[in-house]
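The next block holds one structure in the form of structure tokens; read it before the comments.
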Amino acid sequence: ETGVTQSPTHLIKTRGQQVTLRCSSQSGHNTVSWYQQALGQGPQFIFQYYREEENGRGNFPPRFSGLQFPNYSSELNVNALELDDSALYLCASSLGGGRGSYEQYFGPGTRLTVT
Amino acid sequence: AQSVTQLGSHVSVSEGALVLLRCNYSSSVPPYLFWYVQYPNQGLQLLLKYTTGATLVKGINGFEAEFKKSETSFHLTKPSAHMSDAAEYFCAVSALYNNNDMRFGAGTRLTVKP
């Protein structure tokens with residue numbers, strides 16, 4: 001069984017640029033959630049995708065957008081990068097669109113640095 | 001809406017001593033409570049979770065937590081700390097049976113002294 005994987009591991013971008021982060025969910029999981037973890041803080045919920053549809057969103061501006069593909073892998077896109085977007089971005093996969101008591105399995109994260 | 005407060009951003013214990021990491025939650029609906037551990041440069045690993053039923057929950061690596069509704073608390077304990085327990089610990093809450101908006105605390109860094 002393959003766990004949750006994320007790419008790239010590290011990324012450096014310039015303010016104003018756009019970035020795409022990728023997540024492959026654990027085999028059999030149909031739900032992907034994205035979190036932003038700033039340095040020294042807990043993860044903050046960005047949004048969740050379930051069966052290719054957005055299924056809940058946290059307090060993040062529209063320049064944070066996502067996709068989920070038929071194989072349930074997912075992308076997080078951030079436009080017009082700001083310095084405060086520098087963080088560890090975590091992806092978690094699970095079953096059931098957040099319903100039920102299914103566990104979320106986290107990937108290792110992508111460290112984004114915006115200069 | 002749900003929220004979590006972790007009391008103490010840093011906790012230091014000696015090897016073999018009791019570990020106690022504090023978590024208080026706020027929730028307008030029955031909560032779904034979690035403790036996660038994060039080692040440097042890694043993602044989050046679930047230690048334990050509470051949904052319903054028995055209020056004392058046992059997790060991996062000898063950790064356990066007790067759900068106390070009257071105190072809105074979910075403190076994490078381990079009777080005897082090991083050096084390998086040194087990590088960042090996060091308490092999280094979501095609505096029961098609806099974890100598509102999980103809220104995390106700011107984390108507690110546990111240091112274990114030899």
Side-chain angles (χ1 to χ4, degrees), chain A residues 3-7 9-10 21 23-26 29-51 53-60 66 68 87-111, chain B residues 1-10 21-25 29-54 57 59-60 67 74 76 87-109:
Chain A
V4 180
T5 60
Q6 293 186 243
S7 63
T9 305
H10 295 89
L21 310 182
C23 171
S24 291
S25 58
Q26 187 161 310
H29 285 183
N30 56 17
T31 303
V32 172
S33 302
W34 286 92
Y35 295 84
Q36 180 195 67
Q37 185 179 15
L39 197 61
Q41 298 183 24
Q44 288 196 338
F45 175 70
I46 302 174
F47 44 55
Q48 182 183 85
Y49 277 83
Y50 172 56
R51 294 182 176 177
E53 298 286 334
E54 189 176 289
N55 185 46
R57 189 180 182 92
N59 189 27
F60 280 81
Q68 187 178 33
L88 180 68
Y89 288 85
L90 296 166
C91 160
S93 77
S94 60
L95 287 167
R99 302 289 173 176
S101 59
Y102 299 110
E103 180 180 338
Q104 294 194 27
Y105 292 83
F106 283 81
T110 293
R111 173 74 62 187
Chain B
Q2 295 81 38
S3 66
V4 165
T5 301
Q6 290 184 240
L7 302 175
S9 58
H10 292 89
L21 304 183
R22 299 178 187 273
C23 171
N24 286 91
Y25 70 91
V29 297
Y32 191 12
L33 294 160
F34 310 80
W35 275 99
Y36 284 88
V37 61
Q38 186 176 37
Y39 296 99
N41 301 313
Q42 294 188 25
L44 303 176
Q45 181 183 10
L46 182 67
L47 283 175
L48 49 81
K49 64 182 179 183
Y50 169 80
T51 54
T52 59
V57 180
I60 63 172
F67 170 61
F74 191 57
L76 181 71
E88 189 87 19
Y89 291 80
F90 293 96
C91 182
V93 63
S94 67
L96 185 62
Y97 300 127
N98 185 2
N99 66 359
N100 69 354
D101 183 3
M102 186 182 296
R103 303 295 177 96
F104 286 83
T108 297
R109 180 168 299 277

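Below, chain A is the first sequence line, B the second, and so on; all start at residue 1. For the numbers below, each heavy atom of this structure counts, side chains included, while hydrogens, waters and symmetry mates do not.
For B/Q38, the part lying near chain A is the side chain, with the backbone staying farther off; criterion is any non-hydrogen pair under 4.5 Å. Only the side chain of A/Q37 comes within contact range of chain B, judged by heavy atoms closer than 4.5 Å. With a threshold of 4.5 angstrom between heavy atoms, A/L88 approaches chain B through side-chain atoms but not through N, CA, C or O.
Shortest non-hydrogen contact noted between A/P43 and B/L44 is CG-CD1, 3.8 Å. Closest approach of A/Y35 to B/M102, counting heavy atoms only: OH-CB, 3.5 Å.
Counting non-hydrogen atoms of other residues, nucleotides and ligands closer than 6.0 Å to CG of A/L39 gives a total of 12 or fewer. Annotation for A/R57: atom CZ counts as buried by contact number, over 12 foreign heavy atoms lying within 6.0 Å.
Under the side-chain hydrogen bond (donor to acceptor under 3.5 Å, both in side chains) criterion, B/Q42 pairs with no residue, sequence neighbours left out. Not counting sequence neighbours, the partners of B/R103 by the salt bridge (Lys or Arg N to Asp or Glu O under 4.0 Å) test are B/D101.
Residues B/F34 and A/E103 have side chains not in contact (no heavy-atom distance under 4.5 Å, counting atoms from C-beta outward).
Chain A forms the most heavy-atom pairs under 4.5 Å with one residue out of B/C91, B/A92, B/G105, B/A106, and that residue is B/A106.
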